[in-house]
Amino acid sequence: MKLIKQLKLSAAALALSATAAAAADVEVLHWWTSGGEAAALNVLKNDLEGQGIGWMDMPVAGGGGEAAMTVLRARVTSGNAPTAVQMLGFDITDWAKEGALANLNDAAAANGWDAVVPEALQKFSKYEGNWVAAPVNVHSVNWVWANKKVFDDNNIAVPTTWEEFEAAMATLKAAGVTPIAQGGQPWQEATLFDSVVMATGGPDFYQKALIDLDPEALGSDTMKQAFDRLGEIRANVDDNFSGRDWNLATAMVINGEAAMQIMGDWAKGEFVAAGKVPDEDFLCFRFPGTQDQVMFNADQFAMFDQGGVVSPEQAALATAIMSPTFQSAFNVVKGSVPARTDVPDTDFDACGKKGIADLAASSSSGNLFGSLAQGYGAPASIKNAYYDVVTAFFNGSFDSQTATEELVTAIEIAQ
Amino acid sequence: MASAPAQADFKTRLQNLIPKLVLAPSLAVIFLFVYGFIIFTGYLSFTDSRILPSFNLVGFENYSKLFRLSHWTTSITNLAIFASLYIGISTLIGLSLATFLDQKIRGEGLLRPIYLYPMALSFIVTGTAWKWLLDPGIGLEHTMHLWGWTSFHFDWIKNSDYAIYTVVIAAVWQSSGFVMAMFLAGLRGIDNEILKAAQMDGAGNWQMYRRIILPQLRPAFLSAFVILSHLAVKSYDLVIALTGGGPGRATELPATFMYSYTFTRNQMGIGASSAVIMLMTIAAIMVPYLYAELREKK
């Protein structure tokens with residue numbers, strides 16, 4: 001069927017003009033294969049099909065997109081790049097540096113992207129002042145997801161400082177509940193550490209250490225203190241955490257086996273899928289000490305250059321991605337918040353509304369930071385060096401002093 | 001009649017030529033895809049390649065970076081532990097199983113495939129199955145607790161210091177049956193007459209094994225060593241399925257290190273240099289061994 005359609009379309013294109021040789025299809029490489037994500041992507045697919053543009057799906061499973069990036073590399077090397085690719089942070093910059101991405105300035109100007117996309121996010125969607133990617137959503141990682149019943153049973157209020165957080169963990173441990181549900185994969189441990197660094201050193205320190213990669217800040221006592229705090233959190237995680245997936249950790253909170261999980265807002269999807277209601281069954285609050293900050297990552301679609309021009313299909317796809325209706329419809333399903341700040345929050349639940357408000361507030365007050373663990377702080381090589389050290393510490397191979405020293409060396413080598 | 005010898009000559013020439021012609025494409029392909037890419041990787045290890053290959057030479061920088069990485073030191077140490085235990089234990093178990101099976105016991109036809117069967121599984125399956133078995137929350141430890149042995153404690157797979165030994169356990173389980181089959185074939189190849197003569201000369205069982213059978217198994221030892229050591233060095237799938245390189249980075253091996261640096265961390269230069277080091281390591285062990293073994297045959 002697809003082939004026939006393609007043939008028909010290209011026949012039509014040939015009939016219309018002899019020069020327009022490009023097939024009117026978009027091939028989209030992405031890693032949104034779970035049920036909710038696929039449903040969300042369908043919104044986009046239908047939108048494009050309404051405009052007569054065919055959708056060639058190219059899903060490569062694997063959260064975080066590592067497998068998808070490997071496929072992409074092979075496709076680009078063999079000179080057969082897909083039309084559009086889901087990408088994160090510095091991957092976009094890296095590919096733009098190779099000159100592989102198409103310029104989306106026309107679509108951006110026509111739809112006023114500059115005014116509505118938060119500036120911190122634009123740094124990644126643009127390369128040397130040109131739009132090269134269309135952001136779909138903004139996830140933020142400094143969230144704590146808590147089981148409300150467990151909190152109520154132990155008379156715990158939402159902690160707002162590190163000391164209150166410590167006290168809450170102690171109370172929960174004494175009551176025989178696992179205080180923190182943690183998944184045991186390097187990216188999850190590093191995602192948690194992002195929040196801990198922000199809470200311990202504040203936004204300026206976070207900027208200096210994990211975004212500017214200043215060796216002095218990386219090796220400072222503040223960093224050591226952050227590792228000490230991470231160690232404290234580790235002591236409140238059950239012993240069987242290593243290798244656990246993030247959604248299994250979320251399930252522990254949903255079932256009340258554990259009280260809290262520190263995880264990005266994709267965890268909300270698990271609560272919603274289990275039929276839980278925000279503020280009634282579960283709580284969402286910012287990691288204590290990071291109430292004013294939003295640490296984000298964002299899924300974006302980058303368009304690959306097809307011979308020096310942006311094809312009309314690519315422009316249509318980018319425009320469709322950035323339309324407020326799609327941004328709302330998609331993000332309600334995905335659990336994230338829209339990448340543009342002017343989308344109405346009427347369809348979102350309490351946590352989504354809070355996320356949208358936080359994003360707007362932090363963007364205007366300069367408190368919006370990229371998450372290093374999610375590829376929005378530094379390129380992949382540095383992100384992984386950071387993972388190496390954090391995960392070795394979290395699994396007990398280093399003490400906090402060694403970890404601080406290792407962090408300086410590892411990041412220096414990766415640069 | 002002048003044409004007949006010429007024809008015969010042409011035929012013989014053709015006969016000589018055909019094997020070469022048939023072999024030529026595969027030889028060319030091997031030269032390009034094996035040796036060509038070894039050279040290419042070696043070249044890349046001296047460049048500043050990151051996301052895609054680059055041809056900008058930087059000398060030995062990648063190698064000096066590589067040996068400063070604690071992650072690489074861990075991988076190398078793990079390979080040393082894993083390879084020596086894996087090869088040693090597999091050979092030992094394989095040899096004992098083969099010896100026991102060779103005692104003309106009943107049911108050998110049934111036992112042999114049972115021991116050989118794990119080899120039919122891929123390392124991914126072995127890794128996943130052992131991951132569940134060894135997981136303290138659902139596997140062996142949990143079962144023992146359910147049966148009432150509550151002091152039973154076996155959480156190596158979750159322990160950074162012991163996790164590498166669980167990789168050894170799974171790999172040995174997978175391969176010792178195969179090693180057994182190789183030794184069994186070797187044992188069957190030993191001339192019965194020699195054994196009978198030895199028996200007549202009054203050799204005991206132990207002496208017979210030590211002085212006659214084991215020395216004759218030398219080729220089997222060589223094949224076992226060659227096969228097991230290359231399996232050990234290229235171990236990737238087992239670690240990925242069993243521990244994912246964790247807990248933390250505690251079970252990373254050079255192969256997983258090389259893959260992640262080259263393909264997911266955008267540090268192709270360092271990845272290539274680690275591949276070169278792996279090749280050198282294998283060459284350093286295998287070349288003298290093969291040389292010694294093959295020379296003695298002549």
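Quick note on labels: first sequence line is chain A, next is B, and so on, each numbered from 1.
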### Query
Distance-only, no hydrogens or angles: does the Ser160(B) side chain make a donor-acceptor pair with backbone N or O of Gly396(A) under 3.5 Å?
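No; zero donor-acceptor contacts below 3.5 Å.
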With a 4.5 angstrom heavy-atom cut-off, is it the side chain or the backbone of [X] that approaches chain B, or both, or neither?
X: Glu412(A); answer: side chain
X: Phe398(A); answer: side chain
X: Phe393(A); answer: neither
X: Gln185(A); answer: neither
X: Ala385(A); answer: backbone

Using a 4.5 Å cut-off on heavy atoms from C-beta on, say whether the side chain of [Y] contacts that of [X].
X: Met268(B); Y: Arg73(A); result: yes
X: Thr409(A); Y: Arg68(B); result: yes
X: Asp388(A); Y: Arg265(B); result: yes
X: Asn266(B); Y: Asp91(A); result: yes

### Task
Specify which of Ile382(A), Ile413(A), Thr391(A) makes the most heavy-atom pairs with chain B at under 4.5 Å.
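Heavy-atom pairs under 4.5 Å are most numerous for Ile413(A).
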### Task
Look at Pro186(A), Ala380(A), Ser242(A) and state which one has the largest set of heavy-atom pairs under 4.5 Å with chain B.
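With the most close heavy-atom pairs to chain B, the winner is Ser242(A).
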### Task
Select one option (side chain, backbone, both, neither) describing which atoms of Ser54(B) are under 4.5 Å from chain A's heavy atoms.
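Neither part.
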#### Entry: Nearest atoms (heavy-atom pairs only) where Phe263(B) meets Thr70(A)
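Scanning both residues completely, I find the closest heavy atoms to be O-OG1, 4.2 Å.
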Just wondering, are more than 12 heavy atoms of other shown residues or ligands nearer than 6.0 Å to [atom1] in [X]?
X: Phe152(B); atom1: CZ; result: yes
X: Tyr165(B); atom1: OH; result: no
X: Phe31(B); atom1: CZ; result: no
X: Phe82(B); atom1: CZ; result: yes
X: Tyr162(B); atom1: OH; result: no
X: Phe60(B); atom1: CZ; result: no

### Task
Heavy atoms only, distances under 4.5 angstrom: which of Asp135(B), Asp155(B), Leu66(B), Thr243(B) has the most pairs with chain A? Name it, please.
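Among Asp135(B), Asp155(B), Leu66(B), Thr243(B), the one with the most close pairs to chain A is Asp135(B).
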### Task
Please determine, among Glu252(B), Lys158(B), Arg50(B), the option with the most heavy-atom pairs under 4.5 Å with chain A.
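Answer, by heavy-atom pair count under 4.5 Å with chain A: Lys158(B).
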